[in-house]
Amino acid sequence: MDLESVCIKLPVCPGASTTPGLDKFCLLAGAKPAAEFYVFVGVIVMLYSLAALVIYIFFDELYRKNNRLIIVDFVVSVVLALLWLISSSAWASGLSHVKEYTDPSEGGIYSPRFPECSVKDSCSTENVGNYGSLNASIIFGFLNMMVWLGNLWFLYKETPWFKIQSKPPSAPEQSQGGANVY
């Protein structure tokens, strides 16, 4: 169900007055794009992971010899880690809007938008939503970001930048007298 399309006809209670020009109240605006972006990032990351797995398994020799492929893998992984951060943050913000509009005690029908429901016991709710799975999705989004950040260390160790830094110093040259001086 798309919460942006759920609208409540005003006034809610028969015979109640309403604000002039306000004949309906729509629940939510703004959480759908955040959720869609979050899912998009998840799908893109899954597809990239499958492609990288195929390259690592079947084309390992090519991967180790081609520095450009290693650098591209590192850069794409940096971008994906940032996308996890951005999409998880956007979805967390969108979820807070969903909670605000669907929580009967905080927003929803007990808000100042419905003055007829502000009278005690005039309106009631049958069911309060459970946000556990939505909260878990945000936690997993940030955990995915942490996994990709950890993965960057291992990818960095494969790059030419790390290999240049980790080369051992060359052996000391022998003096002309034939003795090594340390």
Side-chain angles (χ1 to χ4, degrees), residues 1-6 26-103 107 128-182:
M1 174 193 249
D2 183 9
L3 288 178
E4 289 181 350
S5 65
V6 175
C26 295
L27 274 182
L28 185 62
K32 186 177 177 183
E36 289 173 345
F37 180 59
Y38 182 78
V39 171
F40 170 77
V41 169
V43 170
I44 291 299
V45 167
M46 181 194 69
L47 293 174
Y48 180 75
S49 296
L50 290 174
L53 188 63
V54 166
I55 290 172
Y56 295 155
I57 292 173
F58 297 112
F59 302 104
D60 185 54
E61 187 74 25
L62 174 68
Y63 181 81
R64 293 193 185 277
K65 287 181 180 177
N66 191 346
N67 283 338
R68 285 185 186 158
L69 194 58
I70 293 171
I71 292 171
V72 167
D73 189 21
F74 180 75
V75 170
V76 169
S77 294
V78 168
V79 170
L80 292 178
L82 288 173
L83 283 176
W84 270 122
L85 174 65
I86 294 166
S87 68
S88 297
S89 300
W91 175 224
S93 175
L95 180 57
S96 71
H97 293 301
V98 169
K99 288 179 180 180
E100 176 186 341
Y101 279 102
T102 59
D103 185 14
V128 178
N130 182 357
Y131 304 109
S133 60
L134 298 177
N135 291 333
S137 70
I138 292 172
I139 291 169
F140 281 117
F142 285 111
L143 286 175
N144 275 322
M145 180 204 61
M146 296 302 290
V147 166
W148 280 87
L149 286 176
N151 182 43
L152 288 177
W153 169 249
F154 296 104
L155 288 175
Y156 175 70
K157 288 174 62 175
E158 297 292 324
T159 63
W161 307 312
F162 180 79
K163 291 176 183 176
I164 290 172
Q165 291 177 353
S166 64
K167 279 188 178 179
S170 58
E173 295 184 23
Q174 292 184 348
S175 62
Q176 291 190 3
N180 286 337
V181 179
Y182 290 99

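Under the 4.5 Å side-chain criterion, counting only non-hydrogen atoms from C-beta, Phe142 is in contact with Leu85.
Here CG of Leu82 is found 9.5 Å from CE of Met145. Values are rounded to the nearest 0.5 Å. With values rounded to the nearest 0.5 angstrom, Asn151 atom CG is found 10.0 Å from Phe74 atom CZ. Taking CE of Met146 as the start and OG of Ser88 as the end, the distance is 11.5 Å to the nearest 0.5 Å. One finds the CG atom of Asn67 at 10.5 Å from the CD atom of Glu158 (value rounded to the nearest 0.5 Å). Atom CG of Asn144 is separated from atom CG of Leu149 by 11.0 Å, given to the nearest 0.5 angstrom. A distance of 12.0 Å separates CH2 of Trp84 from OG of Ser89, quoted to the nearest 0.5 Å.
Under the ring pair (Phe, Tyr, Trp, His ring centres under 6.0 Å) criterion, Tyr63 pairs with Tyr56, not counting sequence neighbours. Evaluation of the side-chain hydrogen bond (donor to acceptor under 3.5 Å, both in side chains) rule for Asn66 yields no partner, not counting sequence neighbours.
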Name each donor-acceptor pair under 3.5 Å that joins a side chain in residues 33-45 to protein atoms two or more places apart or in another chain, with its distance.
from  : atom 1 : to     : atom 2 : distance (Å)
Tyr38 : OH     : Ser137 : O      : 2.4
Tyr38 : OH     : Gly141 : N      : 3.3

Practice problem: Apply side chain to side chain contact (heavy atoms under 4.5 Å, CB included) to the pair Phe140 and Val147, showing each step before the final yes or no. | Solution: CA-CA 10 Å; Phe140 281 117; Val147 166; over 6 Å; no
Quiz item: Under the side chain to side chain contact (heavy atoms under 4.5 Å, CB included) criterion, do Leu152 and Trp148 qualify, and how do the steps go?
Solution: CA-CA 6 Å; Leu152 288 177; Trp148 280 87; 5.9 Å; no
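Heavy atoms only, all atoms of each residue included: Ala92 and Ile138 are closest at CA-CD1, 3.4 Å. Across all non-hydrogen atoms, the minimal contact from Ile70 to Arg64 is CD1-O, 4.2 Å.
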